[in-house]
Novice: 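Would you mind keeping the following structure in view while I ask a few things?
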Amino acid sequence: MRLDRFLSETTELTRSLAKKALHRGDVSVDGEVVKNPATQVGEASRVTWNDEPLALVGLRYLLLHKPAGVECTARRTLYPRAIDLVDLPKAERLQTVGRLDVDTTGLVLLTDDGQWSHRVTSPKHRRGKVYRVTLAEPLEGEALARAVEAFAEGVMLDGEEKPTRSAELAMREPTVAELTLYEGKYHQVKRMFAAVGHHVVALHRESIGPLALGDLPEGEWRELTAEEIAAF
Ligand code: URA
């Protein structure tokens with residue numbers, strides 16, 4: 001890759017600031033000051049900027065325990081973003097794999113590998129996403145039986161062209177449901193419960209396919225293992 005691109009990938013410098021740094025003689029490759037931005041460098045090149053060694057950031061795959069009040073978005077808003085919780089170089093290159101609402105807690109995946117992200121979210125792969133759903137009112141008896149059936153058959157949500165894919169509903173307590181979805185439409189869990197007359201007061205994602213939060217504390221993240229990455 002060109003040296004100016006290498007600099008913009010590994011530092012905060014834009015391509016044009018990288019060219020200026022090169023022009024000033026701030027950059028060395030394998031011990032020699034290099035000023036030409038078109039110089040080709042590779043994995044094995046030892047590049048330094050103001051004597052600091054630089055290394056390319058590879059593809060990253062992270063699992064975050066999202067707290068409430070954090071947004072899954074790239075643009076800055078009133079709330080902190082999921083990527084703001086990740087203290088890695090070039091964290092702004094990471095994207096969340098799908099989204100959780102700002103008030104939803106739980107498992108969020110982050111990556112800079114767009115193809116992997118697509119595989120995780122594609123309904124074709126039928127990866128169950130398990131949500132713990134706290135309802136304002138108990139859901140029991142006949143109403144529960146109707147909701148289980150409706151969710152299994154698919155619910156036509158306002159503004160959608162197709163019904164939701166078959167989903168599995170079970171109650172853990174009269175007001176705490178476990179819902180497994182195989183897709184991710186906007187506010188899907190809240191809209192599905194609204195469709196059967198129930199209001200969601202808290203929502204937490206526990207797992208996506210084989211990946212679960214385990215005992216990862218809220219606000220913390222960890223890297224996925226090679227095996228976990230390969231599972232998708
Ligand atoms: N469904 C919702 O309604 N909200 C989420 O954050 C995730 C799924």
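Atoms within each ligand, like the ligands themselves, are counted from 1 in listed order. Counting begins at 1 with the first residue of the sequence.
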Novice: So is Arg191 polar-close to ligand 1, meaning N/O to N/O under 3.5 Å?
Specialist: no
Novice: Under 4.0 Å from any heavy atom of Leu100, which atoms of ligand 1 are there?
Specialist: 6 (O), 7 (C)
Novice: Decide whether the shortest distance between a heavy atom of Tyr186 and an atom of ligand 1 is less than 4.0 Å.
Specialist: no
Novice: Under 4.0 Å from any heavy atom of His187, which atoms of ligand 1 are there?
Specialist: 1 (N), 2 (C), 3 (O)
Novice: Give the residue, atom name and distance (to 0.1 Å) of the protein heavy atom nearest atom 1 (N) of ligand 1.
Specialist: Val189 N, 3.0 Å
Novice: May I ask you to check whether Tyr131 and Arg205 show a side-chain donor-acceptor distance below 3.5 Å?
Specialist: yes
Novice: Surrounding NE2 of His125 (heavy atoms of other residues, nucleotides or ligands, distance under 6.0 Å), is the total greater than 12?
Specialist: yes
Novice: Backbone or side chain, does any N or O of Leu203 fall under 3.5 Å from an N or O of ligand 1?
Specialist: no
Novice: Would you say ligand 1 has an N or O under 3.5 Å from any N or O of Lys190?
Specialist: yes
Novice: Which residue and atom name correspond to the protein heavy atom nearest atom 4 (N) of ligand 1, and how close is it?
Specialist: Asp101 OD2, 2.7 Å
Novice: Can the ring centroids of Tyr61 and Phe232 be said to lie less than 6.0 angstrom from one another?
Specialist: no
Novice: Please say whether more than 12 non-hydrogen atoms of neighbouring residues, nucleotides or ligands are located less than 6.0 Å from CD in Gln40.
Specialist: yes
Novice: Between His65 and His204, is the ring centre distance below 6.0 Å?
Specialist: yes
Novice: Which of the atoms in ligand 1, numbered in the order shown and given with their element, are less than 4.0 Å from a heavy-atom of Thr104?
Specialist: 4 (N), 5 (C), 6 (O)
Novice: For Arg132 and Glu173, what are the C-alpha separation, side-chain angles and deciding distance, and is it a salt bridge (Lys or Arg N to Asp or Glu O under 4.0 Å)?
Specialist: CA-CA 11 Å; Arg132 186 182 69 224; Glu173 293 169 37; over 6 Å; no
Novice: For ligand 1, which atoms have a heavy atom of Tyr131 less than 4.0 angstrom away?
Specialist: 7 (C), 8 (C)
Novice: Check this for me: Asp51, atom CG, are more than 12 non-hydrogen atoms of other residues, nucleotides or ligands nearer than 6.0 Å?
Specialist: no
